[in-house]
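Quick note: residue numbers are just sequence positions, from 1.
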Amino acid sequence: MLALDDIRHEFPILDRTIDGRQLIYLDSAATSQTPRCVVDAITYMYFRHKANVHRGVHTISQEATDRMENARERVRQWLNAESSDEIVFTRGTTEGINLVASSMGDTLYNGDEIILTVMEHHSNIVPWQLLQRHKRLRLRVVPIDEHGALNLQAYEDMFTEATRFVALTHVSNVLGTVNPVKEMIAIAHRHGVPVLIDGAQAAPHMAIDVRDLDCDFYTLSSHKMYGPAGVGVLYGKRRWLEKMPPYQGGGEMIGNVTWERTTFAELPFKFEAGTPDFVGIAAFGAALDFIDRVGLERIAAHEHELLTAATQGLMEIDGMRIFGTTPDKGAVISFLVGDASSYDVGLLLDKLGVAVRTGHHCAQPLMQHLGVTGTVRASFAVYNTLDEVNAFVAAVKRVTSILLR
Ligand code: PMP
């Protein structure tokens, strides 16, 4: 097991300085940093095993294929899916949701309803809105209370004869709320409605068991899980994936092609048109090994400690407003101080070496609901320390005292 103290050495970027100050990276919800072992896996793949996958008889092609398919099996175990046929590699969460919306869209008709929540990321809003170009679909939106918890009664009351699909985030990238997805999936299933869970912010921080959740689809992004960018996973129950038409056409996804008729490949290849990012996929396997060596439970406990310290520290600042105050939040904290703009706070924090996210966080409907145009968001990962949190709180105090003078 990798000791928490040794972890920082795995991330050379954390040694950087910004304007002469030590970098404090608090933007891991946007993308996490990448440990040496993952970058080494990329280098190794490029230097030793680079050949196109699934189609060569030669040795290197076979090796590359094995590495990609081993990663698929690794992801299957990670998510506790029944079969690796249910693991589709994508470019990320966004592509996974677009794939499902596009393929499922074929089965929707005028008047059908889709349930989303007010805290969705744009990537779980816009793909559904795109379907509205061709069909009169109604998007119904589950509201939240003042702490940022979903109103489960309102959710249950939303189901009608016309409800065809539910798509919701597991953890909010703004509020940190961890939604009771298992319960919500069970409610949807009682109405015969399938559910997609956007796991972009959950998968880096908690064990995901798709069979226990009984979700129909689950999406995640490698780059938020210490892995490379450009790789993601869509888990889908076999019975849905088998029924769904392909999302894109091209090489890899076909059985046989003639001018008259094309048949499609078996799962999961039916949904993986073109040469996949086999290097990134193999390296994502190395990222999962890294998380395992640290231990997901230890990561979660460490992040929780950082979040608690940050929350307590920030609350001492006059005029502090924290958005999202449910118990057992994920590792993000969104806030505003007085009428200081999130942009100004972020810019000045950067001058002190502190990297945070500012703005609408790709969740503009949530911002409208909160009555703000943006927030400052700090997010934590395994490599952050309590010293960094204390320095961050001190920096926020300093910056806001200047801005609100
Ligand atoms: N959903 C949520 C909740 C997110 O936080 C993000 C990333 N900010 C996404 C979806 C989109 O992920 P990606 O850009 O990796 O596709």
Side-chain angles (χ1 to χ4, degrees), residues 79-82 86 88 90 93-144 149-172 177-200 202-203 208-220 233-245 247 267 271 365-366:
L79 296 178
N80 193 29
E82 198 172 314
E86 297 173 317
V88 176
T90 61
T93 298
T94 302
E95 190 177 45
I97 299 173
N98 274 278
L99 189 162
V100 174
S102 157
S103 289
M104 275 289 183
D106 284 7
T107 65
L108 300 175
Y109 295 96
N110 287 342
D112 283 351
E113 296 182 357
I114 297 167
I115 297 179
L116 308 174
T117 81
V118 75
M119 65 174 83
E120 296 312 312
H121 187 278
H122 295 163
S123 62
N124 197 25
I125 299 173
V126 185
W128 305 105
Q129 286 178 334
L130 289 177
L131 296 177
Q132 292 178 313
R133 285 182 306 187
H134 307 295
K135 286 167 192 169
R136 269 186 294 102
L137 301 177
R138 182 164 176 221
L139 301 184
R140 308 208 54 186
V141 182
V142 185
I144 49 173
L150 288 176
N151 182 332
L152 281 193
Q153 191 56 53
Y155 168 67
E156 198 155 4
D157 293 345
M158 263 174 204
F159 285 88
T160 69
E161 288 292 298
T163 311
R164 293 287 168 270
F165 204 80
V166 174
L168 78 138
T169 194
H170 197 162
V171 174
S172 162
T177 312
V178 181
N179 290 320
V181 290
K182 187 171 172 179
E183 196 181 335
M184 295 176 77
I185 291 164
I187 292 170
H189 285 176
R190 282 206 289 279
H191 295 270
V193 175
V195 183
L196 175 143
I197 304 295
D198 168 354
I208 308 296
D209 183 331
V210 290
R211 272 190 280 182
D212 179 54
L213 292 178
D214 199 23
C215 54
D216 300 276
F217 301 96
Y218 199 95
T219 57
L220 55 86
V233 171
L234 167 68
Y235 158 81
K237 276 185 187 163
R238 178 193 287 279
R239 70 187 179 91
W240 290 115
L241 294 180
E242 274 176 349
K243 267 192 229 153
M244 284 157 54
Y247 170 55
L267 292 177
F271 293 107
L366 175 60

**Q** Can you tell me how far the OG1 atom of Thr160 sits from the CG atom of Asp112, to the nearest 0.5 Å?
**A** 9.0 Å
**Q** For the residue pair Lys135 and Gly105, what are the closest heavy atoms and their distance?
**A** NZ-O, 2.6 Å
**Q** So how far is it from Asp209 CG to Lys182 NZ, rounded to the nearest 0.5 Å?
**A** 8.5 Å
**Q** Would you say Ile97 and Trp128 make side-chain contact, with heavy atoms under 4.5 Å?
**A** yes
**Q** Hey, could you give me the CD/NZ distance between Glu242 and Lys237, rounded to the nearest 0.5 Å?
**A** 13.5 Å
**Q** To the nearest 0.5 Å, how far apart are CG in Asn98 and CG in Leu234?
**A** 11.0 Å
**Q** Is the shortest heavy-atom distance from the side chain of Val166 to the side chain of Met184 under 4.5 Å?
**A** no
**Q** For a 4.5 angstrom cut-off between non-hydrogen side-chain atoms, does Leu150 reach Thr177?
**A** no
**Q** With side chain to side chain contact (heavy atoms under 4.5 Å, CB included) as the criterion, how do Ile208 and Ile197 come out once you've worked through the C-alpha distance, each side chain's angles and the decisive distance to 0.1 Å?
**A** CA-CA 11 Å; Ile208 308 296; Ile197 304 295; over 6 Å; no
**Q** How close do Asp106 and Pro245 get, heavy atom to heavy atom, and via which atoms?
**A** OD2-CG, 3.2 Å
**Q** Under the side chain to side chain contact (heavy atoms under 4.5 Å, CB included) test against Leu241, which residue among Val100, Leu267, Asp216 passes?
**A** Leu267
**Q** Go through Glu156 and Glu183 one step at a time and tell me if the side chain to side chain contact (heavy atoms under 4.5 Å, CB included) criterion holds.
**A** CA-CA 11 Å; Glu156 198 155 4; Glu183 196 181 335; over 6 Å; no
**Q** For residues Pro143 and Val118, determine if any side-chain heavy atom of one lies less than 4.5 Å from a side-chain heavy atom of the other.
**A** no
**Q** Would you say the side-chain atoms of His189 and Asp214 include a donor-acceptor pair closer than 3.5 Å?
**A** yes
**Q** In the structure I gave you, are the side-chain heavy atoms of Trp240 and Met104 within less than 4.5 Å of one another anywhere?
**A** yes
**Q** Take Thr90 and Thr219 through the test side chain to side chain contact (heavy atoms under 4.5 Å, CB included) and record every step on the way to the result.
**A** CA-CA 9 Å; Thr90 61; Thr219 57; over 6 Å; no
**Q** Less than 4.5 Å apart, side chain to side chain, heavy atoms only: is that true for Gln129 and Leu139?
**A** yes
**Q** Is a side-chain N or O of Arg136 found less than 3.5 angstrom from the main chain of Arg133, in a donor-acceptor match?
**A** no
**Q** What are the two closest non-hydrogen atoms of Pro194 and Arg164, and how far apart are they?
**A** CD-O, 3.4 Å
**Q** Start with the C-alpha distance between Val195 and Val181, add both sets of side-chain angles, then the distance that settles side chain to side chain contact (heavy atoms under 4.5 Å, CB included), and finish with yes or no.
**A** CA-CA 9 Å; Val195 183; Val181 290; over 6 Å; no
**Q** Which atoms form the tightest heavy-atom contact between Arg211 and Ala81, and what is the distance?
**A** NH2-O, 3.5 Å
**Q** Run through Val193, Leu196, Leu137 and flag the one making a side chain to side chain contact (heavy atoms under 4.5 Å, CB included) with Ile114.
**A** Leu137
**Q** Relative to the ring of His191, is the ring of Phe159 parallel (under 30°), tilted (30 to 60°) or perpendicular (over 60°)?
**A** parallel
**Q** Please report the closest heavy-atom contact between Ile185 and Cys215, naming both atoms and the distance.
**A** CD1-CB, 3.7 Å
**Q** Are any of the side-chain nitrogens in Arg138 or Glu113 under 4.0 Å away from the carboxylate oxygens of its partner?
**A** yes
**Q** Which heavy atom of Pro365 sits nearest a heavy atom of Ile125, and at what distance?
**A** CG-CD1, 3.7 Å
**Q** Would you call Met119 and Asn179 a side-chain contact if the rule is heavy atoms closer than 4.5 Å?
**A** yes
**Q** Nearest 0.5 Å, what's the CD-OG distance between Glu120 and Ser172?
**A** 8.5 Å
**Q** In Å, rounded to the nearest 0.5 Å, how long is the span from NE2 of His121 to OG1 of Thr94?
**A** 6.5 Å
**Q** Can you find a heavy atom in the side chain of Asn124 that is under 4.5 Å from one in the side chain of Thr93?
**A** no
